[in-house]
S.K.: 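Encoded as structure tokens, here's the structure I'll be asking about.
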Amino acid sequence: MKRSTILTVITTLMTFFSLSSNAQLPQDGHYDIWPTIPFMRGADLCKYKDAYSETRSEYMKKMVGLAKDLLSEKKVNAQDALQMLTTFNYMYDKNQEMAMKSGSMDATLESNLKSSLDQLYREVTPRVKKISFTNVNDIIEVIKIVSSGGRDAHLTNKMLSKLDYVAYGTYSFAPNCRGDIQVNIHMIGKNGILESFMAIDTPDKVMMNIANQIFIKFQKTEFPSQVRIGKKVLTLVGGLNGGIDMANSPELAESFCESQYARLPTKMELEIINGYGSWSGGVSFNNETYVLPDGQIYVSRFKSYPVRHLDEVNEKEYSYYCVQDYLTKK
């Protein structure tokens with residue numbers, strides 16, 4: 001995708017979403033993302049670091065040292081040694097240029113991100129898939145564009161109104177100069193909020209890292225969350241910090257919940273919520289020790305008898321979250 005096209009797309013996105021800054025993201029927690037991710041190639045951090053990691057005199061001293069090594073073999077003269085150094089330097093730059101050839105890297109990164117997210121969903125299989133790359137253009141037109149070697153960059157305000165997020169990114173050689181690239185992905189929500197993700201790795205692995213970050217951000221349970229228990233629905237409101245919190249004692253945790261007009265979950269509720277898991281609206285145990293009502297402690301790593309009295313548990317802090325009483329499901 002040409003740089004001018006990328007800038008035009010990003011400007012259109014920013015204009016649309018700034019006009020829609022009062023729009024809210026979907027309450028059902030599902031997010032539709034534009035499948036085309038424009039990329040801009042950023043500064044070559046490898047060359048930048050290489051250029052400024054030593055002074056000019058240090059650089060020249062190194063070049064002279066290499067020339068001396070070649071001359072000491074007495075197999076080349078001074079002119080040949082200089083030509084060899086120049087050629088090696090040129091070949092290094094040329095290989096980098098070919099590796100980052102415009103267009104091919106863009107498509108690779110975009111494709112790897114989508115396939116990495118799909119792989120995560122196949123492995124985790126949550127009850128609800130919250131993230132989807134959604135085509136808003138005519139499918140026939142999309143196929144024609146892809147078949148001709150292009151990428152769908154056609155967007156209108158009407159199309160954008162069907163999306164919750166659009167994304168664009170930058171990539172560049174990483175400072176370690178070992179073939180890794182640094183990728184930044186920026187996602188703009190229809191409420192104007194920007195979410196950013198960054199990773200450094202080889203081109204075939206870097207997008208899996210970013211896919212993991214996106215998956216955690218959008219798929220992980222956020223409070224308040226509701227889960228079905230029998231014919232009713234239980235609302236998880238979290239601790240004082242709005243998530244899984246810590247307390248020095250069961251009494252303190254109970255007080256924190258009462259201050260939110262909520263309570264601690266019972267043993268049965270805690271186990272059912274764990275059954276939902278952190279990717280389906282619940283909370284996974286993750287070997288944490290949780291507070292139960294009446295000063296009891298739930299030690300999740302004890303499989304046979306997890307419920308213990310306080311004097312049986314040698315902990316300084318306990319995890320807890322609060323729930324609100326059952327609400328009738330309409």
S.K.: Can any side-chain N or O of S225 pair as donor or acceptor with the backbone N or O of G281 at less than 3.5 Å?
M.R.: yes
S.K.: Between T36 and E110, does the side-chain contact (heavy atoms from CB on, under 4.5 Å) criterion hold? Intermediate values first, please.
M.R.: CA-CA 7 Å; T36 300; E110 178 188 296; 4.2 Å; yes
S.K.: Rounded to the nearest 0.5 Å, how far does OG of S132 lie from CG of D118?
M.R.: 9.0 Å
S.K.: Would a single hydrophobic cluster contain both I229 and L292, if residues Ile, Leu, Val, Met, Phe, Trp and Tyr are joined by side-chain heavy-atom contacts under 4.5 Å?
M.R.: yes
S.K.: Of all the heavy-atom pairs spanning R228 and Y276, show the shortest one and how long it is.
M.R.: O-OH, 2.5 Å
S.K.: What's the separation between atom CD1 in I37 and atom CD1 in I185, rounded to the nearest 0.5 Å?
M.R.: 5.0 Å
S.K.: Using a 4.5 Å cut-off on heavy atoms from C-beta on, say whether the side chain of I210 contacts that of L109.
M.R.: no
S.K.: Might you point out which heavy atoms bring V206 and A199 nearest each other, and give the distance in Å?
M.R.: CG2-O, 3.5 Å
S.K.: With the 4.5 Å side-chain cut-off for hydrophobic clustering, are L264 and V233 part of the same group?
M.R.: no
S.K.: Counting N and O atoms only, with roles assigned by atom type, does the side chain of S115 sit under 3.5 Å from a partner on the main chain of S111, one being a donor and the other an acceptor?
M.R.: yes
S.K.: I'd like to check M246 versus S319 (side-chain heavy atoms, cut-off strictly below 4.5 Å). Are they in contact?
M.R.: yes
S.K.: I need the S196 OG to M187 CE distance, nearest 0.5 Å.
M.R.: 10.0 Å
S.K.: Nearest 0.5 Å please: distance from the CG atom of N191 over to the CG atom of L194.
M.R.: 10.5 Å
S.K.: Are the side chain of Q182 and the backbone N or O of T170 linked by a donor-acceptor pair below 3.5 Å?
M.R.: no
S.K.: Quick one: pull up CG in L120 and CZ in R122 and give me the separation to the nearest 0.5 Å.
M.R.: 9.0 Å
S.K.: Would a 4.5 Å heavy-atom cut-off, applied to side chains only, mark V227 and I272 as touching?
M.R.: no
S.K.: Hey, quick one: are F256 and V291 part of the same hydrophobic cluster, counting side-chain heavy atoms closer than 4.5 Å, chains of contacts allowed?
M.R.: yes
S.K.: Taking the side chain as every heavy atom from C-beta outward, state whether Y31 and K217 have any pair of such atoms under 4.5 Å apart.
M.R.: no
S.K.: Hey, could you give me the CD1/NZ distance between I181 and K205, rounded to the nearest 0.5 Å?
M.R.: 13.0 Å
S.K.: Counting distance only, does the side-chain N/O of D164 pair as donor-acceptor with the main-chain N or O of D32 below 3.5 Å?
M.R.: yes
S.K.: Less than 4.5 Å apart, side chain to side chain, heavy atoms only: is that true for F223 and I244?
M.R.: yes
S.K.: Can any side-chain N or O of T221 pair as donor or acceptor with the backbone N or O of V283 at less than 3.5 Å?
M.R.: no
S.K.: Is a salt bridge present between K232 and D325, judged by a nitrogen-to-oxygen distance below 4.0 Å?
M.R.: no
S.K.: Sub-3.5 Å donor-acceptor pair from the side chain of Y168 to the main-chain atoms of I188, do we have one?
M.R.: no
S.K.: side-chain contact (heavy atoms from CB on, under 4.5 Å), that's the test. Do E317 and N248 meet it? Break it down for me.
M.R.: CA-CA 5 Å; E317 284 189 317; N248 295 328; 3.5 Å; yes
S.K.: Dump the intermediate steps for salt bridge (Lys or Arg N to Asp or Glu O under 4.0 Å) on E269 and R263, then the final yes or no.
M.R.: CA-CA 12 Å; E269 292 167 347; R263 59 179 175 79; 3.1 Å; yes
S.K.: Going by heavy atoms in the side chains, are Y121 and I131 under 4.5 Å from each other?
M.R.: yes
S.K.: Is there a chain of hydrophobic side chains (I, L, V, M, F, W, Y, each step under 4.5 Å between heavy atoms) that links L117 to Y171?
M.R.: yes
S.K.: Say whether, by atom type as modelled, one donor and one acceptor occur between the side chain of E254 and the main chain of P293 under 3.5 angstrom.
M.R.: no
S.K.: If we check ring-ring contact (aromatic ring centres under 6.0 Å, His included) with Y298, which of these qualifies: Y290, Y305, F285?
M.R.: F285
S.K.: Could you check whether any side-chain heavy atom of V183 comes within less than 4.5 Å of a side-chain heavy atom of L113, counting everything from C-beta outward?
M.R.: no
S.K.: Identify whether L310 and L252 are in the same connected component of the hydrophobic contact network (ILVMFWY, side-chain heavy atoms under 4.5 Å).
M.R.: yes
S.K.: Counting distance only, does the side-chain N/O of N212 pair as donor-acceptor with the main-chain N or O of M208 below 3.5 Å?
M.R.: yes
S.K.: Would you say K220 has more than 12 foreign heavy atoms packed within less than 6.0 Å of its NZ?
M.R.: no
S.K.: For the residue pair F133 and I33, establish whether any side-chain heavy-atom pair is separated by less than 4.5 Å.
M.R.: yes
S.K.: Where the side chain of D294 meets the backbone of Q296, is there a donor-acceptor pair that is under 3.5 Å apart?
M.R.: no
S.K.: Report yes or no: do S284 and N286 form a side-chain donor-acceptor pair below 3.5 Å?
M.R.: no
